Every structure is written in structure tokens, then in C-alpha cells.
Amino acid sequence: MKALIALTSVVSFLMVTLPGPLYQYAGVNLGTAFTLIRSGVYVGGAALILIILQVLLKRKSVNWGSTTLFAILALVAVAMPLSMASKASTVPPIHDITTHVTNPPEFVAIAPLRKDAPNPITYEGGEVTRQQLDAYPEIKTQRLPQPINEVYMAAEKAIDSLGWERVRAGEQPDTLEATDTTTWFGFKDDVVIRLTAQGDDTLVDMRSKSRVGRSDLGKNAERINQFFAELRVQLGYR
């Protein structure tokens, strides 16, 4: 039983954690990667059941150090996917979020980089807009009391601070475009930030869109809120 516990715990952990790097670096397709993760949950659950049986039936012979380690590996294998599933159930299955749903900023410089992406650069609107407004009412145009050139420079610093990759070739005036690459799977999500002068103030609109996947698990809305928070830091807000 000890060997079976060790095997199932380690295998389940690898089945859940390795699909990201395998997709990102080894060319494993997304469907296979997600199938591995789902299967890892079952293997991890089996490992936990075996651990419980071992503790109940052979308590005196349990090596608590190794058993604790294997239990942690199995828990990670079960908890990570379940956490993702729980998150998916609380957010709408959309992947294109913008502060301005009637006139969303357009991807121009980034457009060539997305030519083979499953998700097109066009803004769908309609049901996507309705779901966004219901789920993320705080995502809206930001009005800042600074001139546009000052906000532009602060936005550049915010992008650099967040570790996003600027795409400058073909950028429109008073517009910034960048790509944020996720750590685990290496998914590339694109952002475009549009500045509009209004008197002495500046209106800031932003759009964040995933290249692949139907649901973003709330990541694009989170990214927009993260950017505005960092932008305020760069502008000296406290």
C-alpha cells in the first residue's frame, strides 16, 4: 500500500502541474492538457482514499513524514483543478473585457500577432456585453485629472511595472498595446489602452482579451483593475 500511495500521489501531482509546461514548451495540445488535469483529480482522490485507509488500518506502521508529503501532493492535485472549476462557476464564460462596451478600444499593432488566434480581435458585443455588465459593473472608463501626456507616460511605466510586453509598431496615437503572458500555461492575453483628452482631464479606456479559450476565469477583468491600480500609483495617488 505504501508503494501504491507513493505512486498515485506523485503521478496525480505531475498530471495536474505538468500540462501547463507541456502545452507551453512541448507542443501538447490544449485538449490533451486539460484531459490530463481532469484525470489527475481522480488519481489524486484515489491517493487520498488510500492514505486514509492506511491511517485507519495500519496506523502503527505509518511513516508520518512520507505520508504527510504524499497527502500534500495528492491534495494539490485535487485542490488546484477544483479551485479553477469553482472560479469558473462564479464568473461569466467570456474572454473579452472592456471599459467602453459601445466603443471598445481596437487592437491595431497587436492585430498581426493574433491572426492565427482562435479568438478574433473583433468585439462581439451583445450577450458578451450583457454578461460583462452584470459581472463586472466596476469596469468602466476612468477619468483622471491629469493631462494626456502625463497619463501616457504613467501608463507606459505601469505596463513596464506589470511585466507586460509592449507592441509599438503600428500603435495609434495616444494608444498603448501590450501582451501579458500567463505563467503556468503561457497563455497570451492582449491589452489596448486608449487615452482621450477631455479639457484638462484624461479619459482612460482599456480592453483585455484572451487569444485562446472561451472563459478567462475572470483574468481579463482582474488585469484591467490591476492596471488602473498601478496607473494610479505611477501618477502619485495614495
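Nothing here was measured: the structure is a model prediction, and the numbers come from that model.
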For a quick test of your reading: what N or O donor-acceptor pairs under 3.5 Å do the side chains of residues 82-94 make, sequence neighbours left out?
| residue | atom | partner | partner atom | Å |
| --- | --- | --- | --- | --- |
| S89 | OG | S86 | O | 2.6 |
| T90 | OG1 | K87 | O | 2.8 |

Compute whether any side-chain donor of one residue and acceptor of the other, for [X] and [Y], lie under 3.5 angstrom apart.
X    : Y    : answer
Q226 : E230 : no
Y123 : T129 : yes
S210 : N220 : yes

*asked:* Nearest 0.5 Å, please: how far is CD1 in I5 from OG1 in T8?
replied: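 Going from OG1 on T8 over to CD1 on I5, the span is 7.0 Å.
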
Next item on the list: Ignoring hydrogens and angles, tell me if any N or O in the side chain of T175 forms a donor-acceptor pair with the backbone of E171 under 3.5 Å.
Entry: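 Absent.
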
Any residue meeting ring-ring contact (aromatic ring centres under 6.0 Å, His included) with F185, in chain and number order, not counting sequence neighbours: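 Listed in chain order: Y23, F34, F187.
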
Among R214, R207, R211, exactly one meets salt bridge (charged side-chain N to carboxylate O under 4.0 Å, His left out) together with D96. Which residue is that?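 With D96 as partner, salt bridge (charged side-chain N to carboxylate O under 4.0 Å, His left out) holds for just one option, R207.
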
**Request:** Begin from the C-alpha positions of D189 and K219 and carry the test salt bridge (charged side-chain N to carboxylate O under 4.0 Å, His left out) through to its verdict.
**Result:** CA-CA 9 Å; D189 299 341; K219 183 62 179 179; over 6 Å; no

Pairs in or reaching into residues 36-57: which pass side-chain hydrogen bond (donor to acceptor under 3.5 Å, both in side chains), with residues at least two apart or in two chains?
->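 For residues 36-57: T35-R38.
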
Discussion item. With side-chain hydrogen bond (donor to acceptor under 3.5 Å, both in side chains) as the test, pick out the partner of T141 among D205, T196, N103, T98.
Written reply: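 By the side-chain hydrogen bond (donor to acceptor under 3.5 Å, both in side chains) criterion, T141 pairs with just one of D205, T196, N103, T98: D205.
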
Exercise. Quick one: which of T179, D180, T181 gives a side-chain hydrogen bond (donor to acceptor under 3.5 Å, both in side chains) with K188?
Worked result: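 For K188, the side-chain hydrogen bond (donor to acceptor under 3.5 Å, both in side chains) check succeeds only for T181.
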
